[in-house]
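Following: one structure in C-alpha cells, then a few remarks.
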Amino acid sequence: MSNVLVFGHLNPDNDAIMSAVVLSQLLNQVGYQGNTYEARRLGPLPAESEKLLAEVGVAEPELLESIPASDEPQKVLLTDHNEAGQSVEGLENAQIAGVVDHHRFGGFTTAGPLHIIALPWGSSCSIVAKLFDVLGVEPTKEQAKLLLSAMMTDTLMLKSPTTTAVDRTIAAKLGEQLGVDPVKFGMEVFLSRPSGSFTPAEMVGNDIKLFEVGGKKLLIGQYETVDKSRALGMIPEIREAMRDYQAEKGADGIVLCITDIMEEGSQVLLEGDTAAAQKGLKIEDVADGVWCPGVLSRKKQVAAPILAAN
C-alpha cells in the first residue's frame, strides 16, 4: 500500500483545488488499489476555494513545495495539468501513478504505465464527477457543492467555448442534487472573490501558466472579473507587475488576459518577447492592450492558437 499525493497545477484555480480534494476523497472511499490518497496544493488557495472548503467542513490541502529524490519515489496523481513546467518542483523524482486532466498533453513521458483519464470537457471536476458514476458511488451534497463550484468557475458559468453538452448535463444533475440553479450558484461563487482588492501582482500571478513555444518560455495569465474598468485604470501598474513576474520566472514573454465575464471578452496585454503570441492571436502589442471580444478561454482561445501558429 502506498500514500499517493493528489494535486493540481501551480498557481491553482478552483478547478485545480477541487479536483484534487474530491478525487482523493472518492479514491479513499472505494479503497482504490489499496492506497491512501491525500490532496495537496501547489500555491495559495483561491478565495472561493477557501470559503467553500470551510462551508462544507473540509480541511484545506497542505502546501506541497517540492518532491525530493528518494530510493522509493513518492507516488503522485496529477489533476488539471500534465506538463512539468506547470507542476511541482522535483516532479521528476516522483512516480506518476495517474493523470485526470482536460488540457492538451505537452511533452508528457513516464517511466511506466499509468492511469490516464483525459477528456476535452470544460472542467477537470466534470471528469471527477463522472468517475463517481464509473465507480458506482453517489457524491455527497458536500462533494457535489465542491464539484459544481469548480465546474462553474472553470467554464465561466457555462459561457466558455470549452463547455460541452456533458458539462451541462453534469452541472444540471449536481444542481438538482443541491437544489440550486447551476449558473446562479456559479455567479455566487464567483462574486465571493475579493475582486476589488486584487493588487496588480495578484492579477498577474494568481492564475498563470508556463508554455514552451518555439523554443521560448511564454507565460499566459488570466484575471477574471465581472467589471474590467478597475483593472483598465491600472494598466501601467499591471504592466510593471507583468515585467517583474516575467523576470522572476526567467520567461521570454508574458501574456495577460483581463477577462470580463459579463461583457464576454478579454483585454490582452503583452510584455517581453511576444512575437509568438502576436502571430497566434493576430494582434499587436498596444499600450492599453487589445480588446478581444468573445475570448473567454485561455486554453482554447489563447494558448491553443499560439501553439498552433508556432
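The shown structure was predicted, so the numbers you read here are calculated from the model rather than taken from an experiment. FYI, side chains are in, hydrogens and waters are out, and symmetry mates aren't considered; it's all heavy atoms of this structure.
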Seminar exercise, completed: Nearest heavy-atom contact between Ala309 and Gly280 is CB-CA, 3.7 Å
Exercise. Ion pair present between Lys51 and Glu55, side-chain N to carboxylate O less than 4.0 angstrom?
Worked result: yes
Exercise. For Asp244 and Val204, what are the C-alpha separation, side-chain angles and deciding distance, and is it a side chain to side chain contact (heavy atoms under 4.5 Å, CB included)?
Worked result: CA-CA 10 Å; Asp244 289 345; Val204 172; over 6 Å; no
For this session: Please lay out, stage by stage, how Asp227 and Ser229 fare under the test side-chain hydrogen bond (donor to acceptor under 3.5 Å, both in side chains).
Result: CA-CA 6 Å; Asp227 181 5; Ser229 59; 2.8 Å; yes
Problem set entry | More than 12 heavy atoms from other groups under 6.0 Å of NZ on Lys159 | yes
Exercise. Does Glu202 offer a backbone N or O that forms a donor-acceptor pair with the side chain of Thr199 under 3.5 Å?
Worked result: yes
Problem set entry | ring pair (Phe, Tyr, Trp, His ring centres under 6.0 Å) contacts touching residues 122-177 (sequence neighbours left out) | none
Exercise. Does Glu48 use its side chain to pair, donor to acceptor, with the backbone of Leu191 at less than 3.5 Å?
Worked result: no
Problem set entry | Pair Glu138-Gln143, side-chain hydrogen bond (donor to acceptor under 3.5 Å, both in side chains): steps then yes or no | CA-CA 9 Å; Glu138 181 76 17; Gln143 290 170 331; over 6 Å; no
For this session: Identify whether the distance between the nearest side-chain nitrogen and carboxylate oxygen of Asp13 and Arg298 falls below 4.0 Å.
Result: no
Exercise. Taking side chain as C-beta onward, heavy atoms only, is Met157 less than 4.5 Å from Phe185?
Worked result: no
For this session: Decide side-chain hydrogen bond (donor to acceptor under 3.5 Å, both in side chains) for His103 and Lys209; before the verdict, give the C-alpha distance in whole Å, the side-chain angles of both, and the deciding distance to 0.1 Å.
Result: CA-CA 12 Å; His103 296 94; Lys209 293 183 178 181; 3.2 Å; yes
Exercise. Is there side-chain contact between Val6 and Glu38, with at least one heavy-atom pair below 4.5 Å?
Worked result: no
Problem set entry | Gap between atom OH of Tyr223 and atom CG of Leu256 - 0.5 Å precision | 10.0 Å
Problem set entry | cation_pi(Lys130, Trp121) dist<6.0 Å, angle<=45 | no
For this session: Mind listing the closest non-hydrogen atom pair of Arg239 and Val286 along with its distance?
Result: NH2-O, 2.7 Å
Seminar exercise, completed: For Val100 and Ser124 the tightest heavy-atom approach is O-OG, 4.1 Å
Exercise. Mind checking whether Leu91 and Asn93 have side chains closer than 4.5 Å, heavy atoms only?
Worked result: no
Exercise. With no hydrogens and no angle check, is any side-chain donor or acceptor of Asp154 less than 3.5 Å from a backbone partner on Ala150?
Worked result: no
For this session: Determine whether Lys141 and Leu178 make a side-chain contact, defined as any pair of heavy atoms from C-beta on separated by less than 4.5 Å.
Result: yes
Problem set entry | The single option from Asp101, Asp80, Val88, Leu210 passing side-chain contact (heavy atoms from CB on, under 4.5 Å) against His9 | Asp80
Exercise. Between Ala276 and Ile306, what is the shortest heavy-atom contact and its length?
Worked result: O-CG2, 3.9 Å
For this session: With sequence neighbours excluded, tell me which residues meet salt bridge (charged side-chain N to carboxylate O under 4.0 Å, His left out) with Lys217.
Result: none
Exercise. Just how far is it from atom CD of Gln25 to atom OG1 of Thr140, taken to the nearest 0.5 Å?
Worked result: 6.5 Å
For this session: Would you please name every residue forming a salt bridge (charged side-chain N to carboxylate O under 4.0 Å, His left out) with Glu89, sequence neighbours left out?
Result: none
For this session: Report the relative orientation of the aromatic rings in Phe7 and His81; use parallel for angles under 30°, tilted for 30 to 60°, perpendicular for over 60°.
Result: tilted
For this session: Verify the neighbour count for atom CD of Glu212: are there more than 12 heavy atoms of other residues, nucleotides or ligands below 6.0 Å?
Result: yes
Problem set entry | Exam field: side chain Glu264 to backbone Thr259, donor-acceptor pair closer than 3.5 Å | no
Problem set entry | Donor-acceptor pair, side chain of Thr164 and main chain of Asp167, under 3.5 angstrom | yes
Exercise. Can you tell if the side chain of Leu42 reaches within under 4.5 Å of the side chain of Leu10, non-hydrogen atoms only?
Worked result: yes
Exercise. To the nearest 0.5 Å, how far apart are SG in Cys125 and CE in Met152?
Worked result: 10.5 Å
Problem set entry | Test item: Met262 and Val226 side chains (from C-beta on) under 4.5 Å apart, heavy atoms | yes
For this session: Could you walk me through whether Ile208 and Ile220 pass the side chain to side chain contact (heavy atoms under 4.5 Å, CB included) test, one step at a time?
Result: CA-CA 6 Å; Ile208 193 164; Ile220 304 178; 5.8 Å; no
Exercise. For Gly294, does its backbone N or O pair with a side-chain atom of Gln301 as donor and acceptor, under 3.5 Å?
Worked result: yes
Seminar exercise, completed: When rounded to the nearest 0.5 Å, the distance separating CD of Glu62 from CG of Leu5 is 9.5 Å
Exercise. Thr153 side chain to Ser149 main-chain N or O, any donor-acceptor pair under 3.5 Å?
Worked result: yes
Exercise. Taking Cys257 as the fixed residue, which of Leu281, Val268, Leu269 is the one that meets the side-chain contact (heavy atoms from CB on, under 4.5 Å) rule?
Worked result: Val268
Problem set entry | CZ-CG distance between Phe198 and Asn206, expressed to the nearest 0.5 angstrom | 5.0 Å
For this session: Carefully, step by step, assess Lys228 and Trp291 under the rule side chain to side chain contact (heavy atoms under 4.5 Å, CB included).
Result: CA-CA 11 Å; Lys228 68 180 185 299; Trp291 175 249; 3.7 Å; yes
For this session: Could you tell me which residues satisfy side-chain hydrogen bond (donor to acceptor under 3.5 Å, both in side chains) with Arg41, sequence neighbours excluded, listed by chain and number?
Result: none
Exercise. Under 3.5 Å, side chain of Tyr37 to main-chain N/O of Tyr32, donor-acceptor pair present?
Worked result: yes
Exercise. Among all residues two or more places apart in sequence or in another chain, which pass the side-chain hydrogen bond (donor to acceptor under 3.5 Å, both in side chains) test with Arg168?
Worked result: none
For this session: Indicate whether any N or O donor in one side chain lies under 3.5 Å from an N or O acceptor in the other, for Asn14 and Ser49.
Result: yes
Problem set entry | Taking every non-hydrogen atom, the tightest pair across Leu218 and Asp273 | CD1-O, 4.3 Å
Exercise. Is any side-chain heavy atom of Ile261 less than 4.5 Å from a side-chain heavy atom of Phe190?
Worked result: yes
Exercise. So, does Thr155 use its side chain to make a donor-acceptor pair with the main chain of Met151 at under 3.5 Å?
Worked result: yes
Problem set entry | Any donor-acceptor pair under 3.5 Å from Asn35 side chain to Ser2 backbone | yes
Problem set entry | Contact summary for Gln95 and Pro73, nearest pair of heavy atoms | N-CB, 4.0 Å
Which atom pairs, one a donor and one an acceptor, fall under 3.5 Å between side chains of residues 16-23 and the rest of the protein, sequence neighbours left out?
{"unit_1": "Ser19", "atom_1": "OG", "unit_2": "Asp15", "atom_2": "O", "d": "2.7"}
{"unit_1": "Ser19", "atom_1": "OG", "unit_2": "Ala16", "atom_2": "O", "d": "3.3"}
{"unit_1": "Ser19", "atom_1": "OG", "unit_2": "Thr79", "atom_2": "OG1", "d": "2.9"}

Exercise. So do Gln86 and Glu83 actually touch side chain to side chain, heavy atoms under 4.5 Å?
Worked result: yes
For this session: Decide yes or no on side chain to side chain contact (heavy atoms under 4.5 Å, CB included) for Ser266 and Ile258, but give the supporting numbers first.
Result: CA-CA 5 Å; Ser266 295; Ile258 301 173; over 6 Å; no
